[in-house]
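Report on one structure; see the data block that follows.
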Amino acid sequence: MGYTAAVITVSDKGSRGEREDKSGPALCALLSENGYKVRHTAIVPDEAEAICKELLLCTDDLGIQLVLTTGGTGFSPRDITPEAAESMFQRRVPGIPEAMRAESMKITPKGCLSRSTAGIRGRSLIITLPGSPKAAVENLKPVLPAVEHGLSMLLSEGSQDCAEPMNPAGGIEHKEIRCKGTVPSVDSWIAEARKSPEASGIGVFLSHHGIVRISSRKEAREGIPTAPVAAMLLTPDFEKVAEAEKKAGMMEGVRYLRLWVNEGRLLVGDDIMKVLVGADTRPHAEKALLTLVETLKKECIHEEEIFRE
């Protein structure tokens with residue numbers, strides 16, 4: 001399995017250091033026991049802006065696959081976690097909180113009072129959980145098998161390889177992110193890499209950032225004048241993208257690899273792809289980066305330039 005996870009504790013007192021956070025560590029322990037890799041934790045106050053900012057960091061910037069919140073799902077006037085989370089959803093997943101409430105009702109008749117919710121943003125699943133350690137664990141544990149299957153479906157669009165974050169040959173973590181309109185931050189990737197188990201073996205990071213330019217390939221590469229480019233139709237073969245990513249991850253010295261590829265009709269200035277390679281030495285990083293980018297361009301992605309009339 002090996003999916004990535006984040007746990008966000010929503011608590012006014014916890015964020016001020018007035019109360020020890022026990023729910024967050026309890027959820028982290030449960031996730032680790034079930035094979036998840038907890039990449040990020042945080043404590044925020046019961047404020048919609050703070051909750052939304054943390055959710056955006058986990059989903060859009062860090063690309064974490066399962067994002068859990070704990071706290072703020074009750075009836076108190078400051079319990080606004082479900083409303084904040086739902087403002088971030090692109091698609092709701094009502095069955096998860098329904099199942100959690102059904103399981104809670106087997107333990108206590110007050111289980112029906114939980115306002116927990118769940119939804120999808122990009123390629124991340126967000127679930128809000130109660131604030132007590134006992135209730136948070138009791139709600140999440142029964143639905144984890146279904147959550148695992150849901151993540152497999154969410155991440156398999158384009159290629160099943162996307163749901164396999166570990167490279168069995170090289171042992172590095174690799175993720176192919178595809179979410180048109182959501183451009184990841186290389187700085188966030190590097191920050192995440194520094195928290196990874198491979199961080200101590202990384203001596204250099206190199207990145208590639210492809211952008212649609214106004215000059216055509218023919219003009220840029222061969223010096224032959226053409227009309228300016230107005231747009232580009234980008235059609236990736238994501239099965240080939242995933243295979244190229246996997247091969248690059250097994251190259252000598254590579255310790256960390258992140259890849260994002262756009263798709264569809266792009267305008268001048270839009271992002272085509274982003275690649276980050278972390279390796280033990282610069283020569284190894286350069287070789288892996290150049291090999292991967294060249295393979296993507298020649299074998300995995302079809303680019304059709306549309307010229308201005």
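Here the structure is a predicted model, which is why all the values come from computation and not from measurement.
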With rounding to the nearest 0.5 Å, note down the distance linking [atom1] in [X] to [atom2] in [Y].
X: Ile127; Y: Leu140; atom1: CD1; atom2: CG; result: 6.0 Å
X: Ile64; Y: Cys58; atom1: CD1; atom2: SG; result: 4.5 Å
X: Asn139; Y: Leu144; atom1: CG; atom2: CG; result: 11.0 Å
X: Leu62; Y: Ser124; atom1: CG; atom2: OG; result: 9.0 Å
X: Ile306; Y: Leu267; atom1: CD1; atom2: CG; result: 9.0 Å
X: Leu68; Y: Cys28; atom1: CG; atom2: SG; result: 8.5 Å

Can you see whether [X] engages [Y] through a side-chain donor-acceptor pair at a distance of less than 3.5 angstrom?
X: Ser216; Y: Thr226; answer: yes
X: His149; Y: Ser152; answer: no
X: Asp61; Y: Ser185; answer: no
X: Thr4; Y: Gln65; answer: yes
X: Ser11; Y: Asp46; answer: no

Does some side-chain heavy atom of [Y] sit less than 4.5 Å from a side-chain heavy atom of [X]?
X: Glu138; Y: Ile107; answer: yes
X: His208; Y: Met273; answer: yes
X: Thr73; Y: Leu129; answer: no
X: Trp260; Y: Asp271; answer: yes

From Ile8, Val7, Leu125, residue fulfilling side chain to side chain contact (heavy atoms under 4.5 Å, CB included) relative to Val67: Ile8
Residue that, paired with Glu303, satisfies side chain to side chain contact (heavy atoms under 4.5 Å, CB included) out of Thr235, Val212, Leu266, Ile272: Ile272
Stepwise side-chain contact (heavy atoms from CB on, under 4.5 Å) test for Arg121 and Leu55: CA-CA 9 Å; Arg121 181 178 179 87; Leu55 290 174; over 6 Å; no
Minimum heavy-atom distance between [X] and [Y], given as atom pair plus value:
X: Gly249; Y: Leu257; answer: N-CD2, 3.8 Å
X: Val241; Y: Pro236; answer: CG2-CB, 4.4 Å
X: Ser116; Y: Pro130; answer: OG-CD, 3.8 Å
X: Ala118; Y: Ile96; answer: CB-CB, 4.0 Å
X: Lys240; Y: Cys300; answer: O-SG, 3.5 Å
X: Ala26; Y: Pro133; answer: CB-CB, 4.3 Å

Does the pair [X]/[Y] count as a salt bridge with the N-to-O cut at 4.0 Å?
X: Arg265; Y: Asp270; result: no
X: Glu103; Y: Lys106; result: yes
X: Arg115; Y: Glu83; result: yes

Group every Ile, Leu, Val, Met, Phe, Trp and Tyr by side-chain heavy-atom contacts under 4.5 Å, then state whether [X] and [Y] land in the same group.
X: Leu27; Y: Ile43; result: no
X: Leu56; Y: Ile80; result: yes
X: Val229; Y: Leu233; result: no
X: Leu113; Y: Val137; result: no

Heavy-atom donor-acceptor pair, [X] side chain to [Y] backbone, under 3.5 Å:
X: Ser15; Y: Asp12; value: yes
X: Thr128; Y: Thr81; value: no
X: Thr70; Y: Gly24; value: no
X: Lys274; Y: Leu259; value: no
X: Arg258; Y: Trp189; value: no
X: Ser114; Y: Gly111; value: no

List the steps and the verdict of side-chain contact (heavy atoms from CB on, under 4.5 Å) for Arg39 and Lys37. CA-CA 6 Å; Arg39 296 298 192 201; Lys37 302 181 183 302; 3.6 Å; yes
Going by salt bridge (Lys or Arg N to Asp or Glu O under 4.0 Å), name the residues that satisfy it together with Glu294, two or more places apart in sequence or in a different chain. Lys298
Residues which pass salt bridge (Lys or Arg N to Asp or Glu O under 4.0 Å) with Glu54, listed by chain and number, not counting sequence neighbours: none
Does [X] have more than 12 heavy atoms from other residues, nucleotides or ligands lying within 6.0 Å of its [atom1]?
X: Arg19; atom1: CZ; answer: no
X: Glu222; atom1: CD; answer: yes
X: Arg78; atom1: CZ; answer: yes
X: Glu286; atom1: CD; answer: yes
X: Arg16; atom1: CZ; answer: yes

Apply side-chain contact (heavy atoms from CB on, under 4.5 Å) to residues Thr291 and Leu289 and explain how you reach the verdict. CA-CA 5 Å; Thr291 299; Leu289 182 67; over 6 Å; no
The test is side-chain contact (heavy atoms from CB on, under 4.5 Å); show your working for Thr59 and Met88 and say whether it passes. CA-CA 10 Å; Thr59 57; Met88 298 290 100; over 6 Å; no
